[in-house]
Amino acid sequence: MIPTEDASARKREIEEKLKQEQETLSFIRENLEKSDQLTKGMVSILSSFESRLMQLENSIIPVHKQTENLQRLQENVDKTLSCMDHVISYYHVELEVQEEVVLEHLPEAVLPRHHLHRRLADFMNVYFQIRSNQLDRSIKGLKDHFRKNSASSGILYSPAVQTKRKDTPTKKAPKRPGKDDVLDIEIDSYIHCISAFVKLAQSEYALLTEIIPEHHQKKTFDSLIQEALDNLMLEGDNIVSAARRAIMRHDYSAVLTIFPILRHLKMNKSEFDATLQGTAASTKNKLPTLITSMETIGAKALEEFADSIKNDPDKEYNMPKDGTVHELTSNAILFLQQLLDFHETAGAMLASQETSSATSYTSDFNKRLLSTYICKVLGNLQLNLLSKSKVYEDSALSAIFLHNNYNYILKSLEKSELIQLVTVTQKVAERSYRELIEQQIQMYQRSWVKVTEHLTDRNMPVFQPGTKLKDKERQVIKDKFKGFNDGLEELCKIQKGWAIPDKEQRDFIRQAQKKVVSDAYRAFLCANISFTKNPEKYHKYRPEEVEEMIERLFDTSA
């Protein structure tokens, strides 16, 4: 039998071990839980790393491929340069062979030289074809890039087009949305390509002089630029052809597309000629030929436009019912205003068609030619307006029509500085228009004579104090009142539907007419004689009411 003390000690020992084991077990559980958490974190990290690795791989592979392509291109360039150096070394050998031939005159020494000539010719042929293709692709790439950028940004810039082209005065042509913007982009694109060609051609020549033997440089350069130059000239010819077709349709606004291009070509002609120096005559003449074509078609358009202003057939079909400014007038003035941006080019264009023996014209001569042309257009316009004004049966409306158009022309000339060009050859042009405007105002005022004539003393009975008027005399006064009232109402009813767009002129004509009629009416009322028992029947309007009626003239909203 185990003593009691030993049993208790054993029990305590077992309990302590059990307690230690439980603590160890708890520690292991905690570590397992921590291990699970670390495992999950590691799995998450590995998953994220795998995802990022895949993304990196997807990004690196294209870069790797591009790098391989670039390395391959670099190797090709190195090989090409090596081949060039090899060929150039033959050129020096060729010179040595030529010296040996001169000294030895041996037939066998001629064979290597022929071989070298053939190898050099092959090299130059390959060289100019590759560079020619690259030059043409560069210009086409620039054109596409410029069009896309201009279309997406809506911002147009050109070294030759300093101001945005306005709406063109196309005669009776429906406007298509965006048509002018597309045309502006095409013009600017062509101008940029012309400038780019000059710069690129200069770069090509600089490169060529480092590679091609000197006595072959000009010919190789001539061949190299042909394709790009021909494409540019073809595009220019297409612009000329398009303008020619438009002019045949009487759409003279097409000439406005030529002006910025022509100005840029002429501004850069000296640099163009310097770049093409040493090339064949046919190459040098391409740009002057294009310039001549543009000047010829442009001058033709200007002259035909002037004739069309004079011979515009519309008289009744397109006449404004209210006597406002005619469409022909606004179109003609708009066209002339747009010439201001290119007045030097337009003057030179007209001068180019002169049959004088002079080979060149001064700036003053060109300016006088343009002034003469503008005066011709304005003269033709005035003649046509006079013809059109006869369509109106009412002479007063005819006068308002001419007044509006003359006033519009004068104000437009002054605002746009066209008047300065006009006065180069017509010193009194401004005064002449003011006189024409005044004449038409006076013509209009005559329409009121049939109203104010009833207010004169003519046929008025002589009133003697203490005597009564006879029936016939009273009837004369009644007729005068009735004639004035009816005439006033009729004129105000008709003329309030007429138009005078210029507020200053409208107010001036109203005030002048109001004063004439009001003064005469007040004087007539002051001399009023007792002629009826119902004066209110004839005193239909007070002077203030008459003035208000005249104040509403030329007001379609009244």
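Everything quoted here is computed from the prediction, not taken from an experiment. Below, each value reflects all heavy atoms present in this structure, side chains not excepted, and no hydrogens, waters or symmetry copies.
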Report task. Please determine if Arg137 and Glu227 form a salt bridge, counting it only when a charged side-chain N lies under 4.0 Å from a carboxylate O. Result -> no
**Report entry** Neighbour count >12 (heavy atoms, 6.0 Å) for atom CD, Glu417
**Finding:** no
Requested in this report: Would you mind checking if Arg434 and Glu438 are paired as a salt bridge, meaning a charged N to carboxylate O distance below 4.0 Å?
Outcome: no
Query - Pairs where residues 267-299 contributes a residue and the test ring-ring contact (aromatic ring centres under 6.0 Å, His included) is met, not counting sequence neighbours - result: Phe197-Phe272
Query raised in the report: What is the distance from atom CD of Gln440 to atom CD1 of Ile509, rounded to the nearest 0.5 Å?
Result: 10.5 Å
Query raised in the report: For residues Asn231 and Asp136, is any side-chain donor paired with an opposing acceptor at under 3.5 Å?
Result: yes
Report task. Could you tell me which residues satisfy salt bridge (Lys or Arg N to Asp or Glu O under 4.0 Å) with Lys310, sequence neighbours excluded, listed by chain and number? Result -> none
Query raised in the report: Are Lys266 and Glu295 side-chain neighbours, meaning at least one heavy-atom pair lies under 4.5 Å?
Result: yes
Query raised in the report: Stepwise, does the side chain to side chain donor-acceptor pair (under 3.5 Å) test hold for Ser253 with Asp251?
Result: CA-CA 6 Å; Ser253 66; Asp251 177 12; 2.6 Å; yes
Query raised in the report: Sub-3.5 Å donor-acceptor pair from the side chain of His192 to the main-chain atoms of Asp188, do we have one?
Result: yes
Report summary line: Contacts of Arg244 meeting side-chain hydrogen bond (donor to acceptor under 3.5 Å, both in side chains) (sequence neighbours excluded), chain-then-number -> none
Query raised in the report: Quick check: are there more than 12 heavy atoms from other residues, nucleotides or ligands sitting under 6.0 Å from CD of Glu393?
Result: no
Report task. May I ask you to decide whether Glu303 forms a salt bridge with Lys376, counting only side-chain N to carboxylate O separations under 4.0 Å? Result -> yes
Query raised in the report: What are the two closest heavy atoms between Leu385 and Leu402, and how far apart are they?
Result: O-CD2, 3.6 Å
Requested in this report: For the residue pair Tyr252 and Phe305, categorise the inter-ring angle as parallel (less than 30°), tilted (30 to 60°) or perpendicular (more than 60°).
Outcome: perpendicular
Report task. Could you pull out all residues at least two apart from Ser371 that satisfy side-chain hydrogen bond (donor to acceptor under 3.5 Å, both in side chains)? Result -> Thr425
Query raised in the report: With a 4.5 Å limit on heavy-atom distance, are the side chains of Ile261 and Thr257 in contact?
Result: no
**Report entry** Residues in ring-ring contact (aromatic ring centres under 6.0 Å, His included) contact with Tyr205, at least two apart in sequence or another chain
**Finding:** Phe221
Query - Trp498 and Thr324: CA distance, side-chain angles, deciding distance, side chain to side chain contact (heavy atoms under 4.5 Å, CB included) verdict - result: CA-CA 8 Å; Trp498 296 355; Thr324 191; over 6 Å; no
Query raised in the report: Does CZ belonging to Arg510 count more than 12 external heavy atoms closer than 6.0 Å?
Result: yes
Report task. Go through the structure and list residues passing ring-ring contact (aromatic ring centres under 6.0 Å, His included) with Phe401, not counting sequence neighbours. Result -> Tyr392
Query raised in the report: In terms of heavy-atom contacts, does NZ of Lys367 have more than 12 from other residues, nucleotides or ligands at under 6.0 Å?
Result: no
Requested in this report: Take Glu204 and Lys199 through the salt bridge (Lys or Arg N to Asp or Glu O under 4.0 Å) test and state the conclusion after the steps.
Outcome: CA-CA 9 Å; Glu204 288 292 343; Lys199 299 301 181 184; over 6 Å; no
Report task. Could you walk me through whether Gln382 and Tyr433 pass side chain to side chain donor-acceptor pair (under 3.5 Å), step by step? Result -> CA-CA 10 Å; Gln382 184 177 340; Tyr433 274 110; 4.7 Å; no
Query - Ring center gap for Tyr444 and Phe554 short of 6.0 angstrom - result: yes
Query raised in the report: Does a side chain donor of either Thr209 or Gln217 reach within less than 3.5 Å of an acceptor in the other side chain?
Result: no
Query raised in the report: Crowded around Glu414 CD? As in, over 12 foreign heavy atoms under 6.0 Å?
Result: yes
Would you mind writing out the side-chain donor-acceptor pairs for residues 284-291 within the sub-3.5 Å range, not counting sequence neighbours?
from: Asn285; atom 1: ND2; to: Ala281; atom 2: O; distance (Å): 3.1
from: Lys286; atom 1: NZ; to: Gln226; atom 2: OE1; distance (Å): 2.7
from: Lys286; atom 1: NZ; to: Asp230; atom 2: OD1; distance (Å): 2.3
from: Thr289; atom 1: OG1; to: Asn285; atom 2: O; distance (Å): 2.6

Requested in this report: Grab the two heavy atoms, one from Leu302 and one from Tyr373, that are nearest each other, plus how far apart they are.
Outcome: O-OH, 2.6 Å
Query - Which residues share a salt bridge (Lys or Arg N to Asp or Glu O under 4.0 Å) with Lys218, sequence neighbours left out - result: none
Query raised in the report: In chain order, what residues pass the side-chain contact (heavy atoms from CB on, under 4.5 Å) check against Asn268, with sequence neighbours excluded?
Result: His264, Glu271
Query raised in the report: Nearest 0.5 Å, what's the OG-OH distance between Ser195 and Tyr190?
Result: 11.0 Å
**Report entry** Side-chain heavy-atom pair Ser412, Leu418 within 4.5 angstrom cut-off
**Finding:** no
Query - Test salt bridge (Lys or Arg N to Asp or Glu O under 4.0 Å) applied to Asp222 - qualifying residues, sequence neighbours left out - result: none
Query raised in the report: Would you find a donor on one side and an acceptor on the other, under 3.5 Å apart, between the side chain of Ser398 and the backbone of Asp394?
Result: no
Report task. With sequence neighbours excluded, give me every ring-ring contact (aromatic ring centres under 6.0 Å, His included) pair touching residues 404-425. Result -> none
Requested in this report: State which residues pass salt bridge (Lys or Arg N to Asp or Glu O under 4.0 Å) with Lys503; sequence neighbours excluded, sorted by chain then number.
Outcome: Asp507
